[in-house]
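So the structure is just underneath, and the comments pick up after that.
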Number of protein chains: 2
Amino acid sequence: MDKQEYLQQLINAGEEEIELTPKQAKILEAAIEIFAEKGYAATSTSEIAKKAGVAEGTIFRHYKTKKELLISIVTPGIIKLTVPFFANQFVSEVFKEKSESYEQLLRKIIRNRFEFVQKNIPLLKIILQEMAFHEELKQSFQNIFIKKIFPKFDEAVTQFKKDGLIVDYPSSTIIRFTMTTIIGFIITRFLILPEAEWDDEEEIDRTIRMLMHGIQPDS
Amino acid sequence: MDKQEYLQQLINAGEEEIELTPKQAKILEAAIEIFAEKGYAATSTSEIAKKAGVAEGTIFRHYKTKKELLISIVTPGIIKLTVPFFANQFVSEVFKEKSESYEQLLRKIIRNRFEFVQKNIPLLKIILQEMAFHEELKQSFQNIFIKKIFPKFDEAVTQFKKDGLIVDYPSSTIIRFTMTTIIGFIITRFLILPEAEWDDEEEIDRTIRMLMHGIQPDS
DNA sequence: CTCCTAAATGAGTGATTACTCACTTATATA
DNA sequence: TATATAAGTGAGTAATCACTCATTTAGGAG
């Protein structure tokens, strides 16, 4: 899969098909790279055009404004990042085998998202940075979380609580703790200390064991 | 303590005394507010001047460049935010009473920083946002962490491991897990869902118990 | 009061910004 | 080949940017 095909499927986030011209793909590619490096507000359209090897006018042929370019990058990115966290098949798979533990579920989630993040670090940086300043982005992220992620997660947690497999705290607390642990690990791994030596398999394993049993010994 | 005195002691982070004129305090106050809201790059000096009720030239009398204004806000902020995490008195206090548990140490840390963050949310936002784009800020944060926070933390963790109070994983892993749990809670509490209803005492308590014993039941 | 110095001002500057538009080039269909 | 439509161009534009500087104001010492 070449770069353009890759962008194609990133931008067409499951919805309508949009054909990308080669120059359009170049623009997206350049914009993602520079937005991630310097931030949206500090990036000029002339810089994007230069890096993409196109005329500045070409950007505005495809995107009415600079902000529309940002949105067209980030919105599909949010969907691709969040929705597979609890894809339908994913959860039902876990529920089918009731014997499977919460630990198994977590291991699947973390491994599942690890690879995606690894391949989309610039995109992840843009999402984290720009959600803070653009209310629509924050809203669309919250909507996805509230409607698609949380209910599935809540269902799983409630079930596991009933089965006595996890502690009886409010689901929101357990979900928050679980997510900050996973997201905290991924952010540390790829954004804060990417150049450190990581034994990913070991670290994922220890992280999940700490999440399950805490940092007390003899669990 | 009025606002100017407050800024005074924020900016003079333990080092040399710098006298702030009233207008200078107004400038800092306005800059912190707008930088937090829109981001450094998207904020114009004319906007800061207007909000501060001063002429634009006044900003450049005190700060050579817009970036110098940012640095003079963020650098003392980083110090005030991070250093007390493991202030000298703080750790020695814990080590004196050897019977005290890791749990007690965590409870002190989290309560200690909770109040500071609550009072400095805009400052915290600026630090989180701008560290990503300004290498010097990232460096100064890393230096403080490596030289002042990590060694103390490592010392404590190593001691607790020896005493068999916490699990025998690498210190770096335990510290990372501990910090992402605390920071993740604080960021969720104040930045992601500040408008939700929080029972802070309960949530701190549950967070620490999950950190210690995990989410398995019957700990 | 006079003098001195630091603080404050705001009109002005060149550079850069996002965006436009008249025009050219490429592609597809018949 | 002829025609239509979409893609691409780049010079041009008004607005805004960070920053300067000659000048005025404020406050304290003698």
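Note on naming: letters A, B, ... go to the chains in the order of the sequence lines (proteins, then strands), and numbering restarts at 1 for each one.
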It should be established whether [X] places a side-chain nitrogen or oxygen under 4.0 Å from OP1 or OP2 of nucleotide [N].
X: A/Ser44; N: C/dT17; result: yes
X: B/His62; N: C/dA6; result: no
X: B/Ser46; N: D/dT16; result: no
X: B/Thr21; N: C/dA8; result: yes
X: A/Lys23; N: D/dA7; result: no

Describe the nucleic acid contact of [X] in one word from base, sugar-phosphate, nothing, applying a heavy-atom distance below 4.0 Å.
X: A/Thr45; result: base
X: B/Thr58; result: base
X: A/Glu56; result: base

Between A/Tyr40 and A/His134, what is the ring plane arrangement, given parallel below 30°, perpendicular above 60°, and tilted in between?
perpendicular
Rounding to an integer number of Å, can you tell me how far [X] [atom1] sits from [N] [atom2]?
X: B/Tyr40; N: D/dA18; atom1: OH; atom2: C1'; result: 9 Å
X: B/Phe60; N: C/dG10; atom1: CZ; atom2: P; result: 16 Å
X: B/Glu68; N: D/dT20; atom1: CD; atom2: P; result: 11 Å
X: A/Ile27; N: D/dG8; atom1: CD1; atom2: P; result: 7 Å
X: B/Leu70; N: D/dA18; atom1: CG; atom2: C1'; result: 15 Å
X: A/Leu20; N: D/dA6; atom1: CG; atom2: P; result: 17 Å
X: A/Ile59; N: D/dA7; atom1: CD1; atom2: P; result: 16 Å
X: A/Lys50; N: C/dT17; atom1: NZ; atom2: P; result: 11 Å

With a 4.0 Å cut-off, would you call B/Glu33 and B/Lys51 a salt bridge?
yes
Electrostatic pair A/Arg111-A/Glu115, nearest N-O below 4.0 angstrom
no
Out of D/dA18, C/dC19, C/dT9, which nucleotide sits closest to the side chain of B/Ala55?
C/dT9
By nearest atom, which of the nucleotides C/dT20, D/dA18, D/dA7 is closest to the A/Arg61 side chain?
D/dA7
Compute both the distance and the angle, then confirm whether B/Arg113 meets the cation-pi test with B/Phe116: under 6.0 Å from the six-membered ring centre, within 45 degrees of the axis.
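Positive - B/Arg113 is close enough to the ring of B/Phe116 and near enough to its axis.
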Would you mind telling me which residue lines up with the more 5' stretch of DNA chain C, A/Thr43 or B/Gly53, judged by nearest nucleotide?
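Whichever sits nearer the 5' end wins; that is B/Gly53.
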With no hydrogens and no angle check, just 3.5 Å: does a side-chain donor-acceptor pair link B/Glu203 and A/Tyr169?
no
